[in-house]
Amino acid sequence: MTVSVVLDEEEATLDLVHHPSGMATLPSSSSSSTDQRVDAYCIVYSVSDRDSFLYARELLSEIRKKNLQRGAVQILVANKADLVRQRQVSEDEGKLMAARYRGKYIEVSAVLNHKIDDLLVGIVRQIQLKRSAADRKKKPSGDVGGCYPAREIVDLILGKQRRIFNSCDNLLVL
């Protein structure tokens with residue numbers, strides 16, 4: 001299925017591929033063929049089915065084990081958020097698992113079309129952010145002959161690394 005998403009006045013096309021059989025057929029994010037390139041893994045489970053949540057954990061584990069997440073975005077999607085009384089997996093459990101696998105998290109309801117647009121825009125934004133971060137790593141830093149910005153000197157002296165923690169449920173930041 002192909003979906004077009006407009007973000008920042010630019011149109012992006014998402015080719016969504018469903019792989020019900022698991023990881024055996026999934027191409028890696030570093031695949032040489034552009035037809036096979038994966039920019040994002042969206043692992044979907046039902047909040048009303050604990051077994052689907054456990055299967056999602058297995059898939060995330062396989063992605064990590066095979067190092068497929070490198071260069072690709074991972075988003076854990078909790079579907080059927082509208083089934084509050086039948087919920088078997090809490091929002092906190094989903095967020096914890098997404099954070100554990102360094103992914104993002106969102107709850108949606110496909111039936112009600114609730115947060116589906118947020119998910120699609122979030123996928124595009126995450127891909128853009130991941131690509132721009134990779135581009136920044138490739139470019140020379142511009143520092144000349146051992147000169148460091150003041151913040152880096154303070155961090156070096158105090159032995160701290162600058163870490164920016166972004167919530168796993170905010171799809172608009174990396």
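Everything numeric here is computed off the predicted structure, so don't read it as measured data.
Residues meeting the salt bridge (Lys or Arg N to Asp or Glu O under 4.0 Å) test with Arg57, sequence neighbours left out: none. The side chain to side chain donor-acceptor pair (under 3.5 Å) search around Arg64 returns none, not counting sequence neighbours. The side chain to side chain donor-acceptor pair (under 3.5 Å) search around Ser4 returns Glu11, not counting sequence neighbours. Among residues two or more places apart in sequence or in another chain, the salt bridge (Lys or Arg N to Asp or Glu O under 4.0 Å) test is passed with Asp8 by Arg125. When the side chain to side chain donor-acceptor pair (under 3.5 Å) test is applied to Ser52, no partner is found at least two apart in sequence or on another chain.
In this structure, the separation between CG on Leu129 and CD on Gln126 is 5.5 Å, given to the nearest 0.5 Å. Atom CD of residue Glu91 and atom CD1 of residue Ile106 lie 10.5 Å apart, to the nearest 0.5 angstrom. Between Ile127 atom CD1 and Ser132 atom OG the span is 12.0 Å, to the nearest 0.5 Å. To the nearest 0.5 angstrom, Leu59 atom CG is 5.0 Å from Ile43 atom CD1. Note that CE of Met97 is 8.0 Å distant from CG of Leu54, once rounded to the nearest 0.5 Å.
Val6 and Leu120 end up in different hydrophobic clusters when Ile, Leu, Val, Met, Phe, Trp and Tyr side chains are linked at under 4.5 Å. In the hydrophobic clustering of this structure, Leu119 does not group with Leu112; members are Ile, Leu, Val, Met, Phe, Trp, Tyr whose side-chain heavy atoms approach within less than 4.5 Å, directly or through other members. Leu16 and Val124 fall within the same hydrophobic cluster, where Ile, Leu, Val, Met, Phe, Trp and Tyr residues are linked whenever their side-chain heavy atoms come under 4.5 Å apart, directly or through other members. Transitive grouping of hydrophobic side chains (ILVMFWY, heavy atoms separated by less than 4.5 Å) brings Tyr55 and Ile63 into a common cluster. A single hydrophobic cluster is seen to contain both Val3 and Val108, as judged by linkage of ILVMFWY side chains at heavy-atom distances under 4.5 Å, directly or through other members.
Contact detail for Val89 and Asp49: the closest heavy-atom pair is CG2-O, 4.4 Å. In this structure, Tyr105 and Ala98 approach most closely via the heavy-atom pair CB-CB, 3.7 Å.
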Problem - Steps toward salt bridge (Lys or Arg N to Asp or Glu O under 4.0 Å) verdict (Glu58, Lys65) - result: CA-CA 10 Å; Glu58 288 177 30; Lys65 191 184 321 179; over 6 Å; no
Exercise for the section: Please test Val121 against Val5 for side chain to side chain contact (heavy atoms under 4.5 Å, CB included), starting from the C-alpha separation and ending with a verdict. Expected result: CA-CA 7 Å; Val121 167; Val5 178; 3.9 Å; yes
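Arg50 places a side-chain N or O within 3.5 Å of a backbone atom of Gln88 that can act as its donor or acceptor partner.
For the salt bridge (Lys or Arg N to Asp or Glu O under 4.0 Å) with Asp39, the lone residue among Arg70, Lys130, Arg131 that qualifies is Arg131.
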For residues 72-86, tabulate all N or O donor-acceptor pairs below 3.5 Å that involve a side-chain atom, not counting sequence neighbours.
from, atom 1, to, atom 2, distance (Å)
Gln74, NE2, Tyr101, O, 3.0
Asn79, OD1, Ala110, N, 3.1
Asp82, OD1, Ser109, OG, 2.7

